[in-house]
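Throughout, residue positions are numbered sequentially from 1 according to the sequence presented.
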Amino acid sequence: MDDFLDLRPSATPVSDAERARRMSDLGFGKVFSEHMVTMRYEGGAWRRAELVPYGPLSLDPASTALHYGQAIFEGFKAYSQPDGGIATFRPEANARRFQASARRLAMAEVPVDRFLASADALIRQDRGWVPREHGQSLYLRPLLIGVDPWLGVKPSSSYLFVLLASPSGAYFAKGMRPVSVWISDDYVRASPGGTGAAKCAGNYAASLVAQAQAAQKGCDQVVWLDAVHRRFVEELGGMNIFFVLSNAGRATLVTPELTGTLLPGVTRDSLLVLGREQGLEVEERLFSVEELGEGLANGRITEVFACGTAAVITPVGSIQSRRGAWAVGGGEPGPVASRLRDALLAIQHGTAPDPHGWMHRVC
Ligand code: COI
C-alpha cells in the first residue's frame with residue numbers, strides 16, 4: 001500500500017562512515033535517521049504522503065497545536081532480525097491507539113493502513129539506521145498536530161502527520177540498573193474524564209514539574225496516584241507499573257487496571273500475556289499506596305518495575321513518599337522482571353518464536 005506515498009529521498013545521502021559515527025553513542029532519541037514521512041489532512045481528506053529528507057518543519061505561528069495543544073504522538077520500534085531483515089513490534093496496536101488519542105482530542109484519525117505503510121516505507125528507506133545490537137532498535141515516532149492558522153478555540157480542520165525514526169539504545173543511562181521513585185502527593189497525571197488514556201503532548205508537559213519535584217527529593221522518577229482518592233497507584237513517569245507479590249513461593253504479577261485514566265500500554269499488555277505464559281498469576285486491579293507500603297515492609301512485594309516501549313522494563317530499587325521510604329528487592333533487578341524482559345526482547349529480536357503474531361516483517 002505505497003500508492004498514497006511519494007518517495008523524495010535525499011540527493012546527498014549520509015556516508016556509511018558518517019552514519020556509523022552518529023550511531024556510535026546512541027542513548028535514547030538523540031540521533032535521527034535520514035528521512036521522515038509527512039502527510040497533510042485538508043478539506044476533510046488525507047492528501048498524498050511524502051517521504052522526504054529529515055529536517056525542520058514550516059508552521060504558521062497561529063497553528064492550533066502551538067496554542068491549544070492539539071498534539072498527539074506514538075512510539076514503537078523496529079528490530080534487526082537474525083537473518084539481517086527488519087521487523088516492527090505490534091505496530092497495529094500503536095496505530096489503533098493513535099486513532100483513539102486523535103478521537104479524544106477531536107482530531108482527524110490517520111487510517112491504520114497509511115500509518116503502517118508509512119512506517120514500512122521509512123524503515124525500508126533508512127534500513128541502515130536500524131541498530132544491530134541486542135537491546136537496540138529504530139524507535140519510530142509518529143506525531144499528529146492541528147495546523148489551522150486561526151486563534152479561535154475549536155478543533156483544527158487541517159492536520160499534519162509526521163513520522164520520524166531514531167536509532168536508540170537504552171532509555172535510562174542506568175540501563176537495567178534499578179531506579180529510585182518518589183510518590184507524588186502534590187500533583188496528579190490524569191483525572192476521570194480527562195486525557196489520561198490518550199498519548200497527548202499535554203500529559204507529558206503537565207508531568208514535568210512533578211518529575212522535577214521527584215528529582216529534588218533525590219529520585220529518578222515520579223509515581224502517580226489517582227486524582228480522586230489519592231490512594232491508588234496509576235503510573236510511573238511516562239510508563240506503566242507492575243508489582244510482583246509472592247505468596248508461599250508463588251508469584252503474582254499485579255498491574256493497575258485500566259480505569260480510563262491510565263495509558264493502555266502495548267508493553268503492559270504484552271507482559272500480561274508473557275507473564276501468564278511463564279506461569280505467573282496475573283491481576284489487573286486497583287493497587288493502593290497502603291498495600292504498597294505494607295507489602296514492602298513485610299516482604300510480600302518482592303519486585304516493582306516500570307514498562308514502556310522506550311524503556312522496555314525498568315526495575316525500581318527504592319520508593320520514597322511523605323509516608324516513608326522503602327528498599328525494593330535489595331536494589332537489584334528481580335528475577336521476574338529479568339525473565340519477562342528476556343522473553344520480550346527475544347521475540348522482538350527474532351530469537352524466540354512469535355506465537356501471538358506480534359512481529360510485523362518489514363524487509
Ligand atoms: C515509553 O516508555 O515508551 C514512553 O511512553 C516514554 C516516551 C514518551 C519516551
Side-chain angles (χ1 to χ4, degrees), residues 64-65 68-77 89-112 115 139-146 155-156 159 161 171 183-184 187-211 221-243 253-273 282-289 305-314 358:
T64 318
Y68 307 128
Q70 264 195 316
I72 59 170
F73 69 96
E74 266 304 327
F76 62 103
K77 287 175 167 174
F89 181 70
R90 303 189 70 180
E92 195 173 332
N94 294 90
R96 297 209 181 278
R97 190 173 64 184
F98 200 48
Q99 291 191 319
S101 298
R103 285 194 295 277
R104 178 61 186 83
L105 272 78
M107 301 169 79
E109 293 173 40
V110 174
V112 169
F115 181 104
Y139 180 79
L140 282 305
R141 169 51 68 87
L143 172 74
L144 183 68
I145 54 176
S156 187
Y159 292 91
F161 169 73
Y171 183 78
I183 300 176
S184 182
Y187 301 101
V188 291
R189 176 186 169 275
S191 52
T195 57
K199 207 161 173 71
C200 62
N203 286 349
Y204 294 79
S207 77
L208 298 176
V209 67
Q211 175 61 36
Q221 287 287 311
V222 59
V223 171
W224 302 104
L225 300 181
D226 80 285
V228 177
H229 309 94
R230 303 287 182 109
R231 276 186 66 206
F232 300 107
V233 178
E234 296 208 323
E235 294 198 16
L236 193 163
M239 294 168 282
N240 293 119
I241 186 166
F242 279 84
F243 308 95
L253 198 56
V254 183
T255 195
E257 68 187 76
L258 299 177
T259 54
T261 53
L262 278 74
L263 191 79
V266 178
T267 310
R268 173 189 180 281
D269 182 71
S270 308
L271 294 183
L272 289 172
V273 173
V282 169
E283 293 177 3
E284 293 176 79
R285 62 172 171 86
L286 297 178
F287 197 87
S288 69
V289 267
F305 61 88
C307 73
T309 295
V312 193
I313 286 182
T314 303
W358 284 340

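- The CZ atom of R141 sits 10.0 Å away from the OG1 atom of T309 when rounded to the nearest 0.5 Å.
- Scanning all heavy atoms of the two residues, the minimum distance from A106 to Y159 falls at O-OH, 3.2 Å.
- Annotation: side chain of E74 is not in contact with side chain of L140 (no heavy-atom distance under 4.5 Å).
- For the pair V228 and D226, the tightest heavy-atom approach, listed with the atom from each and the gap, is N-OD2, 3.1 Å.
- Proximity of F242 to L236: side-chain heavy atoms (C-beta onward) are nowhere separated by under 4.5 Å.
- For P264 against R97, the heavy-atom pair with the smallest separation is O-NH1, 3.1 Å.
- N203 contributes no side-chain N or O that, together with a main-chain N or O of A190, makes up a donor-acceptor pair within less than 3.5 Å.
- Taking the six-membered ring for Trp, F115 and F76 have ring centres closer than 6.0 Å.
- The existence of a salt bridge linking E234 and R189 is excluded, since no basic side-chain nitrogen approaches an acidic carboxylate oxygen closer than 4.0 Å.
- Side chains of V233 and F243 form a contact here, defined as non-hydrogen atoms less than 4.5 Å apart.
- When every heavy atom of W224 is checked against every heavy atom of G237, the shortest pair comes out as NE1-O, 3.1 Å.
- Of the charged side-chain nitrogens involved, at least one lies within less than 4.0 Å of a carboxylate oxygen, so that R103 and E109 count as a salt-bridged pair.
- Looking at T261 and F232, their side chains never come closer than 4.5 Å, going by heavy atoms from C-beta outward.
- Considering CD of E283 and OG1 of T255, their distance stands at 11.0 Å, rounded to 0.5 Å.
- Salt-bridge formation is not detected for the pair R268/E235: no Lys NZ or Arg NE/NH1/NH2 atom is positioned less than 4.0 Å from an Asp or Glu carboxylate oxygen.
- A 4.5 Å side-chain heavy-atom check between R90 and S270 finds at least one atom pair inside the cut-off.
- Residues S156 and M107 fail the side-chain proximity criterion, which asks for heavy atoms closer than 4.5 Å.
- Legend: residues meeting side chain to side chain donor-acceptor pair (under 3.5 Å) with N240, ordered by chain and number and at least two apart, are absent.
- A donor-acceptor contact shorter than 3.5 Å is absent between the side chain of K199 and the backbone of S101.
- At distances below 3.5 Å, not a single donor-acceptor pair connects side-chain atoms of S184 with backbone N or O atoms of V223.
- The two residues L105 and G69 come nearest to each other via the heavy atoms CD2-O, 3.7 Å.
- Here the options are Y139, F98, Y204, the test is ring-ring contact (aromatic ring centres under 6.0 Å, His included), and the partner is F73; only Y204 passes.
- Closest non-hydrogen pair, L286 versus E257, comes out as N-OE1, 3.3 Å.
- Inter-residue side-chain proximity for L253 and F305 is flagged as met; some heavy-atom pair is nearer than 4.5 Å.
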